[in-house]
Visitor: 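So that we are looking at the same thing, I have put the structure below in structure tokens.
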Amino acid sequence: MRIIDFHTHTFPDRIAEAAIASLMEESRSRAHTDGTVNGLKASMETAGVDVSVVLPVVTNPVKASSMNNFAARVNEDFENSGVFSIGGIHPETPNLREVLREAKNLGLRGVKLHPDYYGIMFNDIKTKRVIDIASEMGLFVITHAGMDIGLYPPICCSIESIEDVLKDVEPETLILAHMGGWMNWEEVTLRLAGTKSYSSTKVYLDTAFSIGEIGWIDPDNHKDYHQMSDDMFRKMVKVFGSERIVFGSDSPWAEQKDYVDRMNAMGLRNEELEDIFHRNADKLLNLKR
């Protein structure tokens, strides 16, 4: 079965070692690759993953354009590597419309948001403007949702902020990472499964960093933080529908092979696995590979 990992992260070789070390210290969890494209390719081969989608996180508003140009260079080797990067953006990026148009022209398909790293709420007018322009240009938006174990509260992409964006902006396509809100899955199921009020919006969830075990460096200090149970995952697939869920691992912060194996062991129907592993991602990405 074709497998697309819709949620991975890499860094340029020259900064990967330092970036991984810093993020491991912040999150107090282990990385499963060295953070490079080559490290991701090795992981894909072990896991049987055909395509990995890299999600750049832009923490400096003025670097969005340069990061998107780097993403486009990564994509030049896509046919051989199977690694495809989308774009990144920051709500305070100067010349926002021009930068998003450039991302579109570079073929980046969508843009990643991480409100917690900006300290800007997901439903702030600045973020809404990003989502509105991206939708206008036919770019999907994928956002970190819920808590981030490297940053902790405040949570900048809460259920309330998501509901506000859906009602106010009605984005063309919005993907909520970490099954809609990390460690807030019951509320996600209760409040976001129905889209009657947002009929023009396609809302997807990705599975990244939501199942399995967390690779804590010191597990005893993190007993209050956990991934969802298999039963909770199956419940969300039933309530949301497999046509609204895309497979993602959050590599290097989760091991791709472990995620593939766990997904295959969930007891889902083959049609559901086809949706989650690749059909939904294929529709979003429209890649020739």
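Owing to the predicted nature of the structure, the values given are computational and were not obtained by experimental measurement. When a residue number appears, it is its place in the shown sequence, counting from 1.
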Visitor: With distance as the sole criterion, is a donor-acceptor pair present between the side chains of N75 and S85 under 3.5 Å?
Guide: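 No, S85 and N75 have no side-chain donor paired with an acceptor closer than 3.5 Å.
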
Visitor: Aromatic contact between F209 and Y225, with the criterion being ring centroids under 6.0 Å apart: yes or no?
Guide: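 No, the ring of F209 stays outside the 6.0 Å limit from the ring of Y225, centre to centre.
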
Visitor: Evaluate salt bridge (Lys or Arg N to Asp or Glu O under 4.0 Å) for E271 paired with R279, printing each intermediate quantity in order.
Guide: CA-CA 10 Å; E271 284 291 305; R279 281 180 184 153; 3.0 Å; yes

Visitor: Is there a donor in the side chain of S65 and an acceptor in the side chain of E102, or the other way round, less than 3.5 Å apart?
Guide: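 Short answer, yes.
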
Visitor: Does the side chain of S249 come under 3.5 Å of the side chain of S251 through a donor N or O and an acceptor N or O?
Guide: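 The criterion, which ignores hydrogens and geometry beyond distance, is not satisfied for S251 and S249.
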
Visitor: So, N80 and D77: side-chain donor and acceptor under 3.5 Å apart, yes or no?
Guide: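 The answer is yes; a qualifying pair exists.
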
Visitor: Is it true that K128 and D168 make a salt bridge, defined as a side-chain N closer than 4.0 Å to a carboxylate O?
Guide: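 Yes, charged N to carboxylate O under 4.0 Å.
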
Visitor: Could you verify whether a donor N or O on one side chain and an acceptor N or O on the other, from N184 and E187, lie under 3.5 Å apart?
Guide: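 A pair is found: one side chain offers a donor N or O, the other an acceptor, under 3.5 Å apart.
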
Visitor: What is the minimum heavy-atom distance between A281 and F6, and which atoms define it?
Guide: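 It is CB-CD1, 3.7 Å.
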
Visitor: May I ask you to check whether N60 and H90 show a side-chain donor-acceptor distance below 3.5 Å?
Guide: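 Absent: no donor and acceptor within the cut-off.
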
Visitor: Does a donor on one side chain sit under 3.5 Å from an acceptor on the other, for Q256 and S52?
Guide: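 On atom types as modelled, these side chains qualify, holding a pair under 3.5 Å.
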
Visitor: Is it true that S242 and D275 share a donor-acceptor pair across their side chains at a distance under 3.5 Å?
Guide: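 Yes, side-chain donor-acceptor contact under 3.5 Å.
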
Visitor: Distance alone, cut at 3.5 Å: any donor-acceptor contact between the side chains of H114 and D148?
Guide: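 Yes, D148 and H114 have a side-chain donor paired with an acceptor closer than 3.5 Å.
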
Visitor: Can V58 be reached from M137 by stepping across I, L, V, M, F, W or Y side chains whose heavy atoms are under 4.5 Å apart?
Guide: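 They do not share one cluster, since no chain of ILVMFWY contacts under 4.5 Å joins M137 to V58.
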
Visitor: If every non-hydrogen atom of S66 is compared with every non-hydrogen atom of K63, which pair is closest and at what distance?
Guide: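 That would be OG-O, 3.0 Å.
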
Visitor: Does a salt bridge link D261 with K257, judged by any charged N lying under 4.0 Å from a carboxylate O?
Guide: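 Yes, this pair counts.
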
Visitor: Given the rule in the side chain to side chain contact (heavy atoms under 4.5 Å, CB included) test, do E272 and F277 qualify, once you have shown the distances and angles that lead to the verdict?
Guide: CA-CA 8 Å; E272 293 172 321; F277 270 140; over 6 Å; no

Visitor: One thing to verify: whether R2 and E274 come together as a salt bridge, which I'm taking to mean a side-chain N less than 4.0 angstrom from a carboxylate O.
Guide: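 Here E274 does not pair with R2 in a salt bridge, since their nearest N and O are not under 4.0 Å apart.
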
